Amino acid sequence: MPISIALATDKLPEKGSLIITATDGGKLGALGKQLDKKIGGAISKAIKIKKFKGKPASMFALLAPAKSDLDRIVVLGVGDGKKLSAFDAEKMGGTALGAVEKAEGNVTFLLEPLGSNVADGEIAARAAVGAYLRDYKFETYKTKNKSSGGPKKFTVATKAATAAKKAYAELKVIADGTIVARDLVNEPSNILTPPEFAKRAKALTKLGVKVEVLSEAQMKKLGMGSLLGVGQGSVQPSQMVVMQWNGAAKSKQPVAFIGKGVCFDTGGISIKPAGGMEDMKGDMGGAAAVTGLIHALASRKAKVNAVGVIGLVENMPDGNAQRPGDIVTSMSGQTIEVLNTDAEGRLVLADALWYTQKRFKPQFMIDLATLTGAILIALGQDYAGMFASDDRLAEQLTEIGNAEGEKVWRMPMNDNFDKMINTPNADMKNIGGRYAGSSTAAQFLKRFTNNVPWVHLDIAGTAMGSPKSATSRTWASGYGVRLLDRLVKAHYEK
Ligand code: BES
Ligand code: MN
Ligand code: ZN
């Protein structure tokens with residue numbers, strides 16, 4: 001549905017639905033009070049009867065209020081207006097849209113000044129983008145019973161409309177990057193094969209991104225035996241996609257983002273149990289986030305040189321699939337004993353990381369991967385696991401993650417974890433022991449970073465199977481796009 005921002009005047013809308021806010025203690029703003037008066041005090045009476053305290057996300061609705069042509073008035077609690085952060089405003093916008101899911105016609109979300117030290121224009125823009133993200137649905141394959149109805153239009157009305165419109169235009173572009181990632185992760189694996197994913201990444205060309213697709217033959221020539229071993233049991237060809245957004249001077253070292261793109265992970269010969277295996281359609285969440293990020297950076301013409309590299313494969317059991325015990329040679333020259341074919345993500349990233357640092361000499365590399373089930377056990381679904389060889393980058397990500405609602409939690413790396421992947425038969429094996437599974441996976445990746453400042457984000461818990469929130473109602477959250485876009489914006493543009 002169209003979501004927009006309009007100038008709030010003293011004349012209140014007379015048709016459709018109207019959402020107003022109440023702060024701590026159920027206090028209305030000036031226009032809210034004016035409306036209350038117009039309809040004979042029904043709002044203040046309801047606040048009293050309900051003992052409505054204006055707690056964040058609490059609400060009530062008056063339907064068909066007398067002396068008014070409005071369908072409904074929703075009163076939405078926002079808590080202590082002074083403490084409202086930009087991210088709170090976003091959740092508030094999502095909640096506001098949720099409150100009128102069943103409404104028809106136009107909806108106006110009237111945002112009066114709430115006393116926050118975040119500017120009113122920014123608050124309104126954030127509310128609009130929260131509504132925009134909440135509105136996302138994945139219904140491509142529904143031929144009937146699609147969600148129907150809902151508002152015709154959702155307008156955030158604010159006195160700071162000029163500033164709000166400007167801020168919303170930029171935020172929406174980032175949200176569109178998140179939606180690119182959500183769409184990719186939600187797609188089923190019979191549709192989103194490695195070549196189809198590559199095709200969709202290629203579409204970024206129209207935003208000015210340079211996109212290259214490496215074929216199996218090209219990767220073989222480069223010596224990517226680690227990545228190619230994973231895909232060899234699939235009828236789908238493996239591909240590597242390199243996306244370059246050049247928004248800064250040529251001389252400027254790029255920043256690099258690398259994504260795990262396992263388009264389906266059966267586990268291979270070390271096959272996974274049947275229950276829940278369908279979730280492994282989302283095992284390309286890292287690659288989706290990188291693609292969404294480059295989409296966002298290019299759309300807003302970020303003043304940065306950024307590289308996105310994604311390794312696209314399908315991990316299948318087959319007569320030609322790799323076996324437990326096989327030894328492969330990675331592009332780095334290091335050999336790997338594949339003791340479990342289900343630990344395939346690190347095999348893909350090994351070659352993608354090596355290739356990236358070798359070709360682009362980046363300032364840093366950040367990889368995203370739905371890498372281990374163990375990270376879900378450790379951190380659940382609220383935090384991505386962060387492993388870093390660079391403290392500054394880790395601190396920047398922690399701060400931005402907290403502010404933007406895409407949180408990271410730093411996990412340990414050390415020499416003892418590293419030793420756990422040694423094997424007598426090759427330079428390393430692709431699994432550690434029973435313990436510290438996410439850390440041994442990270443140590444494995446580190447061996448392919450060639451000491452370039454690096455962060456690994458294990459997003460197995462945050463990218464898919466996401467709990468419903470104020471701004472996301474869908475299986476795929478699109479985690480990572482916003483976090484990394486804001487990282488670039490805050491620290492790596494000119
Ligand atoms: N794609 C999985 C990890 C995963 C699990 C992602 C659950 C999302 C939800 C990964 O390839 C995998 O299978 N990892 C194994 C590693 C093990 C064999 C060392 C795991 O976590 O069990
Ligand atoms: Mn696996
Ligand atoms: Zn996997």
Side-chain angles (χ1 to χ4, degrees), residues 181 184-186 189 192 194 197 226-227 229-234 236 238 258-289 310-317 321-326 336-350 352 367-385 387 411 417 420-421 423 428-445 456-467 475-477 479-480:
L184 289 165
V185 174
N186 278 326
S189 303
L192 197 77
F197 194 135
S226 181
L227 182 151
V230 176
Q232 79 185 30
S234 171
Q236 298 295 340
S238 302
I258 297 94
K260 169 180 174 182
V262 176
C263 291
F264 195 81
D265 180 15
T266 63
I269 296 299
S270 315
I271 198 163
K272 287 182 181 296
M277 202 204 273
E278 65 275 12
D279 282 357
M280 289 302 113
K281 74 171 185 177
D283 208 18
M284 27 54 70
I310 57 179
L312 303 171
V313 300
E314 187 181 51
N315 188 21
M316 297 293 266
Q322 71 179 345
R323 293 144 292 252
D326 283 4
I336 305 159
E337 187 180 22
V338 180
L339 288 184
N340 188 321
T341 64
D342 196 13
E344 84 297 341
R346 66 198 74 181
L347 297 171
V348 172
L349 289 171
D367 78 72
L368 300 103
T370 50
L371 205 64
T372 64
I375 205 69
L376 271 146
I377 306 300
L379 299 178
Q381 301 202 277
D382 258 4
Y383 291 87
F387 300 83
M411 300 285 287
F417 294 141
M420 287 163 77
I421 56 171
T423 171
M428 70 197 84
K429 54 186 175 179
N430 76 328
I431 49 170
R434 218 169 91 71
Y435 298 148
S438 304
S439 287
T440 51
Q443 295 293 161
F444 181 98
L445 298 181
H456 157 57
L457 299 176
D458 193 335
I459 60 170
T462 50
M464 57 164 122
S466 315
W475 186 74
S477 63
Y479 178 96

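For ligands, and for the atoms within them, numbers begin at 1 and follow the listed sequence. Keep in mind that what you see is a predicted model, and the values were worked out from it rather than measured.
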Check your understanding: Is it true that a side-chain atom of Gln322 and a backbone atom of Gly268 form a donor plus acceptor pair closer than 3.5 Å?
Key -> no
- Query: Should Tyr383 and Ile375 be marked as a side-chain contact (heavy atoms from CB on, under 4.5 Å) after you check the CA-CA gap, both sets of side-chain angles, and the distance that decides it?
  - Reply: CA-CA 9 Å; Tyr383 291 87; Ile375 205 69; over 6 Å; no
Those residues at least two apart in sequence (or on a different chain) that pass ring-ring contact (aromatic ring centres under 6.0 Å, His included) with Phe264 are none
Any donor-acceptor pair under 3.5 Å linking the side chain of Asp283 with the backbone of Val262? no
Could you tell me whether a side-chain N or O of Lys281 sits under 3.5 Å from a main-chain N or O of Asn186, the two making a donor and an acceptor?
yes
Any protein N, O or S atom under 2.8 Å from the Mn ion (ligand 2)? Found Asp265 OD2, Asp342 O, Asp342 OD1, Glu344 OE1
With no hydrogens and no angle check, is any side-chain donor or acceptor of Asp458 less than 3.5 Å from a backbone partner on Leu371?
yes
Q. With no hydrogens and no angle check, is any side-chain donor or acceptor of Lys260 less than 3.5 Å from a backbone partner on Thr370?
A. yes
Item to check | Side-chain donor or acceptor of Thr423 paired with backbone N/O of Met428 under 3.5 Å | outcome: no
Would a distance-only check, ignoring hydrogens and angles, find a side-chain to backbone donor-acceptor pair under 3.5 Å from Thr266 to Ile271?
-> no
- Item | Backbone N/O of Ile269 and side chain of Thr341: donor-acceptor pair under 3.5 Å | yes
Less than 4.0 Å from some atom of ligand 1, heavy atoms are found in residues Lys260, Asp265, Lys272, Met280, Asp283, Asn340, Asp342, Glu344, Arg346, Thr370, Leu371, Thr372, Gly373, Leu376, Ile431, Ala460, Met464
ask   = Judged by atom type as modelled, is there a donor-acceptor pair below 3.5 Å linking the side chain of Asn430 to the main-chain atoms of Asn340?
value = yes
>> Please determine whether side-chain contact (heavy atoms from CB on, under 4.5 Å) holds for the pair Phe444 and Leu349, giving the CA-CA distance in whole Å, both sets of side-chain angles, and the decisive distance to 0.1 Å.
In response: CA-CA 10 Å; Phe444 181 98; Leu349 289 171; over 6 Å; no
Listed as residue and atom, the protein N/O/S atoms under 2.8 Å from the Zn ion (ligand 3) are Lys260 NZ, Asp265 OD2, Asp283 OD2, Glu344 OE2
Short side-chain to backbone donor-acceptor contact, Ser226 and Leu347, under 3.5 Å: yes
